[in-house]
Amino acid sequence: MEATPEGNESSRDAKTLISFYSNYLSNRFTSLFPSFPSNFLEKISNLYRQTLLPISTKRRAGLPLPLPTNSVNSTRTASEASRIYEVLNDIMDRFILNLHKIQENLQFWQSIAEGSNARKVYFMIFERGPRAFVNGSVQLMREAVTDGSAMQNLSQSSSVYISERIAVLSSLRCSLAVFLAQFYVEVNKCGKELAEDPEKSFSSLMHTLNGLFSKLDASIGHLHALRQNDSSVEGTYSFPLLFETLPEISQEESQWTNSEIKEAINLVCTNLQALDSYLALMVAKHQKPSNVTRYWIRYTCGAVGLSVCSFWLLRHSRLMGSSDIDIWIREAKESTVSFFNDHVEQPLLAIRDELLDTFKKRQKGVMDMEEVKLTSDSLHRMLLAFSEQTKGEAFPENASDQEMLEIVMLRYEKELVHPIQNLLHGELARALLIQVQKLKLDIEMAMLELDQILRANEINFAILAALPAFFLSLGLIVAVRAWFRQDTKAEGRGRIARIQRRLLIVEIEKTIMQYQAYFDQGLENDAQCMFGLLIYCLDCLYHAVRRHAKATGEWQCLKQDIIDLGRPGLQTSYKLIVTARMERVYDCLLPSLKRQ
């Protein structure tokens with residue numbers, strides 16, 4: 001339902017993985033060489049953080065800080081002021097990215113927890129890897145033999161397994177959301193001072209940040225209490241989360257010096273790196289199984305099938321002295337060429353010839369008009385000669401063939417009275433030949449009309465012949481287009497993306513109402529948690545609609561509405577009015593046309 005944050009997320013993943021494995025290698029190195037200086041690898045890590053991991057100078061396209069619009073432009077000339085804005089943006093970006101990773105894993109475990117007991121048991125046995133499959137199967141058979149309640153016990157253990165991860169991830173999410181909410185509110189309070197004189201207001205803001213990091217350390221540090229004695233989480237929670245504290249600098253001074261500001265910024269960067277390392281370890285211990293782990297049975301069957309196919313191909317290849325593959329390749333090539341000629345090349349050439357060479361081909365066909373005219377003239381002369389001989393009078397040249405044909409038929413009927421005699425000495429044979437000539441003319445006329453019909457429909461036949469290739473090409477284009485677009489996220493263009501963007505609006509409305517409910521009940525920490533999640537959801541919506549709203553020219557208005565939803569001082573009723581207007585007005589948030 002959430003839009004995936006982009007920008008510096010890939011670099012963040014690299015940083016967290018480096019921190020995770022550096023801590024792991026440090027522990028392993030210390031256990032192997034106890035006499036080696038313990039702070040050697042720590043010095044290398046600190047050097048890496050100071051040199052290779054600077055503050056992100058380019059923000060990703062997410063929800064901006066609640067600062068005046070001209071604040072960035074007014075501080076471009078001062079290097080220290082620019083670094084102040086960079087570190088504030090970096091704090092918000094890192095917390096939102098960490099929240100996204102935690103939320104992604106938490107939603108997975110919640111979906112499993114909401115499923116049936118059979119679904120949980122299936123997950124415990126079949127979706128945790130081969131080792132879990134073997135252990136779960138053995139446990140299931142052992143308990144089925146001993147007490148007969150194997151399914152119930154496995155269902156309970158799966159519930160404990162899932163609930164433990166949900167509890168830890170929920171606690172992490174709440175702690176980060178509270179920090180993000182308090183940070184956002186503080187920046188909103190001193191936004192005007194930061195815009196006018198960042199160096200002067202930075203001292204009070206940094207002391208506030210120092211307190212926020214201390215509260216975050218205290219809220220996350222109790223996670224070891226959630227760990228049960230028979231916990232299913234591998235490893236331990238004993239690795240510490242230690243934040244650097246700001247030096248004792250007098251707050252009575254009007255503003256800090258450049259060296260003091262630089263030192264404070266470096267301490268904030270160090271704290272962010274420590275938090276990233278800690279969260280990388282915690283999320284790695286409680287994350288959802290990878291796709292390879294979850295679908296290992298499918299991958300195994302695919303690997304087995306691929307091996308069988310490879311062995312079968314090897315048996316029919318030249319390596320085993322067989323020429324079957326060569327024959328199949330040649331036949332496939334010939335079939336492809338034949339299909340291309342019959343359903344692509346020839347139909348297209350026929351359409352081209354029909355469109356461009358119509359008048360040239362009209363004079364050619366099975367039956368020409370000249371042949372029909374010759375037969376008609378011959379029949380006319382035969383009828384004229386027979387009529388003049390029968391009637392004994394001259395007929396005009398333009399006499400009607402129908403009138404003369406009636407004379408022939410009347411004479412034919414009389415001759416049939418004595419057919420044998422008249423066939424030898426009468427006009428019966430001549431009348432029969434005239435009727436044969438008339439039949440020939442009728443056949444030629446029918447063939448001429450049929451030829452004209454076929455010529456008129458040549459382009460239709462060519463199009464019908466090209467339809468198989470057309471539909472095949474269309475299917476390939478649709479498949480490639482869907483693969484490239486992958487229209488399953490909120491940033492996409494299709495119906496599913498629109499649904500997910502509207503679900504983001506629903507999630508924002510729910511978070512706003514929950515925040516107001518907690519605030520009315522006096523639950524300050526829960527209210528701050530909801531406000532932090534609101535900022536996270538607004539960032540997801542901001543990122544999801546930015547490109548689409550810019551394309552339709554709605555971005556400025558929609559951006560201001562999203563920023564207004566994150567303002568701490570606005571009333572809840574006004575925010576709900578804004579969300580209702582967003583769902584109703586903006587094109588990128590409207591329902592799909594197919595559902596209207």
Asks: Using 0.5 Å steps for rounding, measure from the CD atom of Q514 to the NZ atom of K510.
Replies: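 Nearest 0.5 Å value for the CD-NZ distance: 6.5 Å.
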Asks: Spell out, as yes or no, whether a donor-acceptor pair under 3.5 Å connects the side chain of T293 to the backbone of P289.
Replies: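 Answer holds: no.
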Asks: Rounded to the nearest 0.5 Å, what's the gap from CZ on R165 to CD on Q287? Could you check?
Replies: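 That separation rounds to 10.0 Å.
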Asks: Tell me whether N98 contacts the main-chain N or O of R94 through its side chain, where contact means a donor paired with an acceptor under 3.5 Å.
Replies: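 It does hold such a pair.
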Asks: Is there a side-chain contact between M124 and Y161, using heavy atoms and a 4.5 Å cut-off?
Replies: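 Side chain of M124 against side chain of Y161, heavy atoms only: contact under 4.5 Å found.
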Asks: Using the side-chain hydrogen bond (donor to acceptor under 3.5 Å, both in side chains) rule, take Y586 and D561 through it: C-alpha gap first, then chi angles, then the decisive distance, then the call.
Replies: CA-CA 11 Å; Y586 297 110; D561 284 342; 2.5 Å; yes
Asks: Quick one, T572 with K575, criterion side-chain contact (heavy atoms from CB on, under 4.5 Å). Give me CA distance, side-chain angles, the key distance, then yes/no.
Replies: CA-CA 5 Å; T572 301; K575 291 184 178 180; 5.5 Å; no
Asks: Indicate the ring-plane relationship of Y542 and W555, choosing parallel, tilted or perpendicular according to the 30° and 60° boundaries.
Replies: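 The arrangement is perpendicular - the two ring planes meet at more than 60°.
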Asks: Do V585 and L558 have side-chain heavy atoms sitting under 4.5 Å apart?
Replies: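 In short, these two side chains do not touch, never coming nearer than 4.5 Å.
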Asks: Are side-chain heavy atoms of V506 and E583 found at a separation under 4.5 Å?
Replies: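 Heavy-atom side-chain distance check passes, below 4.5 Å.
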Asks: Just by modelled atom types, is the I535 backbone N or O under 3.5 Å from a matching donor or acceptor in the D539 side chain?
Replies: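 Between the backbone of I535 and the side chain of D539 there is no qualifying donor-acceptor contact (under 3.5 Å).
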Asks: With a 4.0 Å cut-off on N to O distance, would you call D564 and K559 a salt bridge?
Replies: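 Salt bridge between D564 and K559, a charged N being under 4.0 Å from a carboxylate O: no.
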Asks: Ignoring hydrogens, what is the shortest heavy-atom contact between V87 and I84? Give both atom names and the distance.
Replies: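 Shortest heavy-atom separation between V87 and I84 comes out as CG1-O, 3.1 Å.
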Asks: Start with the C-alpha gap between F179 and L275, add the side-chain angles, then the distance that decides, and say whether side-chain contact (heavy atoms from CB on, under 4.5 Å) holds.
Replies: CA-CA 12 Å; F179 183 98; L275 178 63; over 6 Å; no
Asks: Side-chain contact test, heavy atoms from C-beta onward, threshold under 4.5 Å: evaluate it for V545 versus I562 and give yes or no.
Replies: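 When only atoms from C-beta onward are counted, I562 and V545 do touch, with a gap below 4.5 Å.
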Asks: What I want to find out is whether E104 reaches K288 closely enough, with some N-O distance under 4.0 Å, to be called a salt bridge.
Replies: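 Between K288 and E104 there is a salt bridge, with a charged N closer than 4.0 Å to a carboxylate O.
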Asks: When rounded to the nearest 0.5 angstrom, what is the spacing between CD1 in I102 and CD in Q107?
Replies: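 The CD atom of Q107 is 12.5 Å from CD1 of I102, to the nearest 0.5 Å.
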Asks: Does the pair F126 and W296 meet the rule for a ring pair (Phe, Tyr, Trp, His ring centres under 6.0 Å), with working shown?
Replies: CA-CA 8 Å; F126 295 102; W296 68 274; 8.0 Å; no
Asks: Under 30°, 30 to 60°, or over 60°: which ring-plane class applies to W109 and F123, parallel, tilted or perpendicular?
Replies: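 Plane angle over 60°, so perpendicular.
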Asks: Check whether any side-chain N or O of R173 sits under 3.5 Å from a backbone N or O of L169 as a donor-acceptor pair, and report yes or no.
Replies: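 Judged by distance alone, no pair lies under 3.5 Å.
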Asks: Using the rule given for salt bridge (charged side-chain N to carboxylate O under 4.0 Å, His left out), can you reason through R498 versus D587, listing the C-alpha separation, both sets of side-chain angles and the distance that settles it, and then say yes or no?
Replies: CA-CA 10 Å; R498 284 183 175 270; D587 179 75; 3.7 Å; yes
Asks: With a 4.5 Å heavy-atom cut-off, do L180 and L176 have their side chains touching?
Replies: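 No, too far: nothing below the 4.5 Å cut-off.
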Asks: Checking M582 against I508 for the side-chain contact (heavy atoms from CB on, under 4.5 Å) test, could you report, in this order, the C-alpha distance in whole Å, the side-chain angles of both residues, the deciding distance, and whether it holds?
Replies: CA-CA 12 Å; M582 291 168 64; I508 289 172; 5.9 Å; no
Asks: Taking all non-hydrogen atoms of both residues, which atom of A544 and which atom of H548 are closest, and how far apart?
Replies: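 Heavy atoms only, the tightest pair is O-CD2, 3.3 Å.
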Asks: So, are E127 and K120 salt-bridged, with charged N and O less than 4.0 Å apart?
Replies: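 Salt bridge flag = no for K120 with E127.
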Asks: Specify the closest pair of heavy atoms between C529 and A177, including all atoms of both residues, with the distance to one decimal.
Replies: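 Shortest heavy-atom separation between C529 and A177 comes out as O-CB, 3.5 Å.
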Asks: Are more than 12 heavy atoms, taken from residues, nucleotides or ligands other than Q521, located less than 6.0 Å from that residue's CD atom?
Replies: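 For Q521, atom CD is crowded (more than 12 foreign heavy atoms under 6.0 Å).
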Asks: Are the side chains of I496 and Q500 in contact, using a 4.5 Å heavy-atom criterion?
Replies: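 They are in contact (side-chain heavy atoms under 4.5 Å apart), so the answer is yes.
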Asks: Measure the shortest side-chain to side-chain distance between H100 and Q103 over non-hydrogen atoms and say whether it is less than 4.5 angstrom.
Replies: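 No, too far: nothing below the 4.5 Å cut-off.
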Asks: Is the backbone of S155 close enough, under 3.5 Å, to the side chain of N117 for a donor and an acceptor to pair up by distance?
Replies: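 Not at all, since once roles are kept as given, no pair shorter than 3.5 Å links the two residues.
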Asks: Show your reasoning for whether ring pair (Phe, Tyr, Trp, His ring centres under 6.0 Å) applies to F519 and F531.
Replies: CA-CA 10 Å; F519 183 81; F531 186 76; over 10 Å; no
Asks: Go through the steps for V178 and L212 under the test side-chain contact (heavy atoms from CB on, under 4.5 Å), then give the verdict.
Replies: CA-CA 9 Å; V178 169; L212 294 181; over 6 Å; no
Asks: So, taking the atom named OH in Y515 and the one named CG in L533, what distance separates them when rounded to the nearest 0.5 Å?
Replies: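 Y515 OH to L533 CG: 13.0 Å, rounded to 0.5 Å.
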Asks: First locate atom OG of S158, then atom CD1 of I125, and finally report the distance between them rounded to the nearest 0.5 Å.
Replies: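 S158 atom OG to I125 atom CD1 measures 9.5 Å (nearest 0.5 Å).
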Asks: State, to 0.1 Å, how close T579 and L576 come at their nearest heavy-atom pair, and which atoms those are.
Replies: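 Scanning both residues, the minimum pair turns out to be OG1-O, 2.7 Å.
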Asks: Side chain of R501, backbone of C588: donor and acceptor closer than 3.5 Å?
Replies: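 Side chain of R501 to backbone of C588: a pair is present.
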Asks: Is there a donor-acceptor contact under 3.5 Å from the side chain of S157 to the main chain of L154?
Replies: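 The answer is yes, because a donor-acceptor pair under 3.5 Å joins these two groups.
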Asks: Indicate yes or no for a side-chain donor-acceptor contact from N188 to the backbone of Y184 under 3.5 Å, with no hydrogens or angles considered.
Replies: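 No, because the side chain of N188 does not come within donor-acceptor range (under 3.5 Å) of the backbone of Y184.
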Asks: Heavy atoms, side chains only, cut-off 4.5 Å: are N525 and C174 in contact?
Replies: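 With C-beta onward as the side chain, the pair touches.
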Asks: We want to know whether N291 and Y299 form a side-chain donor-acceptor pair, criterion being a heavy-atom distance below 3.5 angstrom.
Replies: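 Their side chains do not contain a donor-acceptor pair, so the 3.5 Å distance test is not met.
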Asks: Considering non-hydrogen atoms only, spot the tightest contact between L65 and F183 and give its length.
Replies: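 That would be CD2-CE2, 3.8 Å.
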Asks: Look at the side chain of S163 and the backbone N and O of S159, then say whether any donor-acceptor pair between them is shorter than 3.5 Å.
Replies: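 Side chain of S163 to backbone of S159, a donor-acceptor pair under 3.5 Å: yes, one is there.
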Asks: Is the number of heavy atoms from other residues, nucleotides or ligands under 6.0 Å of E524 CD greater than 12?
Replies: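 At most 12 heavy atoms, drawn from other residues, nucleotides or ligands, come within 6.0 Å of this atom.
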Asks: To the nearest 0.5 angstrom, please state how far the CD atom of E164 sits from the NZ atom of K285.
Replies: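 So the gap between those two atoms works out to 11.5 Å.
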Asks: If I compare all heavy atoms of L589 with all of I505, which pair ends up nearest, and what's the gap?
Replies: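 The pair with the smallest heavy-atom distance is CD1-CD1, 4.1 Å.
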Asks: Sub-3.5 Å donor-acceptor pair from the side chain of S111 to the main-chain atoms of F108, do we have one?
Replies: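 Yes; judged by distance alone, with no hydrogens or angles, the pair exists.
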